[in-house]
Amino acid sequence: MILMRMFVTLILLFITFFPAPLIAQELADKVQQYQLENGLTLLIVERYSSPTVAAYITFRVGGVNETSDQRGVAHLLEHVLFKGTKTLGTINYRKEKPLLEQIEQVGSEIDRLKIEPHADEERLAALRAQLAELQQDHRKLVVKDEFSRIYAENGGVGFNAFTSKDLTSYVISLPANKLELWAAIESDRLQNAVLREFYTERDVVREERRRSYESSPGGLLYETLLATAYRMHPYRNPVIGWDSDIDNLSLAETRTFLKDYYAPVNMIITLVGDVEAEKALELVKGYFGKIAPGKPVPAVADREPQQRGERRAQVVFDAEPQLVIAYHKPTMPHRDDYVFDLLMQILAEGRTSRLYRKLVVEDQLAASVGVYGAPGSRYDNLMVISATPRYPHTVEEVEAAVYAELERLKEELVTPGELEKCRNRILTDFLRGLNGNEGLARMLSSYQALNGDWRYLVNYETEIKKLTQDDLRDVARRYFKPENRTVVTLSREDM
């Protein structure tokens, strides 16, 4: 705790003597950006504090880009892309290939038959038994977790991937002298991926969904919130997909999604660490430069209609009561989005924030309270306030207390001191994010994918400093209205 306080103090001193524009300019000077002929964007930051490199591959594709017949495909694809290529993850691909073709043929027939109104259950049972036998034979040819093993043996750490509403990233940190190994593996995965163990992983994802959403009060509450707040925009759908979506995703659809969109024209490679930019550029050109560009991910044409009345939903679940309140808001780089960053700091970031101090400390109505933006950042999104009542208080009491604090923001100007404190907190978090190679690589990749320009980071603090007390009150008045909110509560059946 003492070390943390010292760190925050040093950060604040750094902010005092080196204002944000100077920090931003230093970042702008260090980032080197290149565009390959096939459309791939490469960002490089040379840092020599340790002989390591954070390597991020990010695609401008996520759950928001899925159509109604392929919901969940981006997340499932993340799973199967760890299964290897024609040379990695297999004992003998020549022997494996015909077996994979048989598995796909039988699996596809099962998927076709199982949705028929009067499915032949005996035929389905026989096909499922055949599929299980084929999968058992196939396991003998599979080398499990070969990507992870190779990276680990060569000093790689943090090998992972994540899929969100807006993007998908594959990440690793490794010794600088192993960068070519990374380029060889990842370019091979991009060109020669084998989606082996597809039906097994599909079942794994269904179980993940049951565990994270259907059996989780928090997951169920969040999923209900999005499905209630959004009527038509694909942000309403869970990234993992609905259960029936997952169960009916086909290998052919997944392969097509991969071929179309996981390609250079939608791709950002970010390298931060002990690299020489010119050498890294030549390395990336050599391994990724000849890959076909692919198709640009189409923009989402759907626009959520303006909400014209409060929406409410209740989730019945055997868990402690919970409450979420969401307000529609614009996304970055809209000026109001910067204001919301400050409002969220004021409301519920830290123990001195308004909602925490009032609901948790003073009135002891709630055991916890938080605020966050959701569910994505490419399209207009939500500001969400979440709270857990403290027994014996109710969600109704907590909800009323939240609205009272929002009314204060609409009626009273935030004090200059409170506004400056929130700015400093944001800048502290900003600097922490830039401190490590992984954090900087993640931020550069994300903003390049979301905005088409990583320089959002450079301009962010300048925009925050322009905002006034009147701006905060104006945004609170325009957005914190009953007709713009969605409320979801979770409670037991007997409550």
Side-chain angles (χ1 to χ4, degrees), residues 1 4-5 8 217-218 221-222 225 229 310-312 314-315 319-329 336-374 382-429 464 467-491 495:
M1 182 63 70
M4 178 57 72
R5 284 199 293 266
V8 173
L221 189 69
Y222 180 71
L225 172 68
E310 183 187 71
R311 297 173 186 167
R312 301 187 73 93
Q314 181 185 17
V315 175
E320 293 301 314
Q322 295 181 46
L323 165 74
V324 287
I325 303 167
Y327 292 90
H328 288 278
K329 57 177 280 296
D336 289 350
D337 185 60
Y338 293 103
V339 179
F340 270 100
D341 285 352
L342 286 171
L343 288 173
M344 288 191 283
Q345 284 279 340
I346 289 169
L347 283 170
E349 289 294 336
R351 299 177 67 85
T352 61
S353 62
R354 292 189 177 191
L355 287 175
Y356 187 91
R357 188 173 65 245
K358 182 65 174 175
L359 276 66
V360 178
V361 178
E362 294 177 5
D363 295 349
Q364 297 188 5
L365 295 173
S368 64
V369 63
V371 63
Y372 55 92
L382 305 170
M383 188 198 85
V384 182
I385 299 169
S386 64
T388 302
R390 184 192 297 272
Y391 183 82
H393 296 289
T394 65
V395 291
E396 289 80 12
E397 291 177 271
V398 173
E399 184 179 354
V402 169
Y403 296 151
E405 288 302 313
L406 297 183
E407 286 300 315
R408 280 186 61 204
L409 286 171
K410 293 162 69 173
E411 298 301 324
E412 305 169 9
L413 288 174
V414 173
T415 66
E418 190 175 17
L419 181 57
E420 189 60 28
K421 183 179 179 180
C422 288
R423 284 186 180 132
N424 286 339
R425 276 183 178 170
I426 288 177
L427 186 51
T428 300
D429 292 341
I464 285 289
L467 301 176
T468 67
Q469 300 157 270
D470 287 317
D471 291 326
L472 271 63
R473 185 171 62 178
D474 172 62
V475 165
R477 287 175 172 175
R478 285 189 286 116
Y479 291 94
F480 295 153
K481 299 184 294 186
E483 60 267 30
N484 188 45
R485 75 183 175 219
T486 299
V487 183
V488 182
T489 59
L490 182 144
S491 59
M495 297 185 70

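Everything quoted here is computed from the prediction, not taken from an experiment. Here, residue 1 is the first one in the sequence, and each next residue gets the next number.
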Glu320: which residues meet the side chain to side chain donor-acceptor pair (under 3.5 Å) condition with it, sequence neighbours left out? Arg492
Residues 410-419 side chain polar contacts: donor-acceptor under 3.5 Å, at least two apart:
| unit_1 | atom_1 | unit_2 | atom_2 | d |
| --- | --- | --- | --- | --- |
| Lys410 | NZ | Glu407 | OE2 | 3.0 |
| Lys410 | NZ | Phe480 | O | 2.9 |
| Thr415 | OG1 | Glu418 | N | 3.1 |
| Glu418 | OE1 | Arg354 | NH2 | 2.9 |
| Glu418 | OE2 | Arg354 | NE | 3.1 |

Any side-chain heavy atom of Ser491 within less than 4.5 Å of one from Gln314? yes
With sequence neighbours excluded, what pairs up with Glu405 under the salt bridge (charged side-chain N to carboxylate O under 4.0 Å, His left out) test? Arg408
Measuring from Arg351:CZ to Arg357:CZ, what's the distance to the nearest 0.5 Å? 12.5 Å
List the residues meeting ring-ring contact (aromatic ring centres under 6.0 Å, His included) with His328, not counting sequence neighbours, and say none if there are none. Tyr230
Looking only at heavy atoms, the pair that brings Glu397 and Pro392 closest together is OE1-O, 4.4 Å
So Ile385 and Leu406, side-chain contact (heavy atoms from CB on, under 4.5 Å) or not? Walk me through it. CA-CA 11 Å; Ile385 299 169; Leu406 297 183; 4.2 Å; yes
Below 4.5 Å, heavy atoms only, C-beta onward: do Phe340 and Tyr479 meet side chain to side chain? yes
Do the side chains of Leu472 and Ile346 get nearer than 4.5 Å, heavy atoms only? yes
With Lys358 via side chain to side chain donor-acceptor pair (under 3.5 Å) - residues at least two apart: Asp363
List the residues meeting salt bridge (charged side-chain N to carboxylate O under 4.0 Å, His left out) with Arg478, not counting sequence neighbours, and say none if there are none. Asp336, Asp474
Rounded to the nearest 0.5 Å, how far does OG1 of Thr489 lie from CG of Leu221? 8.0 Å
Tell me every residue that passes ring-ring contact (aromatic ring centres under 6.0 Å, His included) with Tyr356, counting only those two or more places apart in sequence or in another chain. none
Please name all residues satisfying salt bridge (charged side-chain N to carboxylate O under 4.0 Å, His left out) with Asp341, sequence neighbours left out, ordered by chain then number. none
In chain order, what residues pass the side chain to side chain contact (heavy atoms under 4.5 Å, CB included) check against Ser368, with sequence neighbours excluded? Thr388
Determine the minimum heavy-atom distance between Met344 and Gly373, stating which atoms define it. SD-N, 3.9 Å
Distance-minimising heavy-atom pair for Pro321 and Pro389: O-CD, 3.2 Å
One should read off an interatomic distance between Leu342 CG and Lys421 NZ, to the nearest 0.5 angstrom, of 14.0 Å
Closest approach of Leu359 to Val402 (non-hydrogen atoms, all atoms of both residues): CD2-CG2, 3.9 Å
Walk me through whether Tyr222 and Ser386 qualify under side-chain contact (heavy atoms from CB on, under 4.5 Å). CA-CA 10 Å; Tyr222 180 71; Ser386 64; over 6 Å; no
Value rounded to 0.5 Å, distance of CG in Leu225 from CG in Leu323: 10.0 Å
Can you list the residues that meet the side chain to side chain donor-acceptor pair (under 3.5 Å) rule with Tyr403, with sequence neighbours excluded? Glu399, Arg485
Could you tell me the separation between the CG atom of Leu409 and the CG atom of Leu343, rounded to the nearest 0.5 Å? 6.0 Å
Taking only residues two or more places apart in sequence or in another chain, which ones pass side chain to side chain donor-acceptor pair (under 3.5 Å) with Thr468? Asp471
So Ser353 and Leu347, do their side chains get closer than 4.5 Å, heavy atoms only? no
Heavy atoms only: give me the nearest Ile464-Arg423 pair and the separation to one decimal. O-NE, 3.3 Å
Listed by chain and number, what are the salt bridge (charged side-chain N to carboxylate O under 4.0 Å, His left out) partners of Arg390, not counting sequence neighbours? none
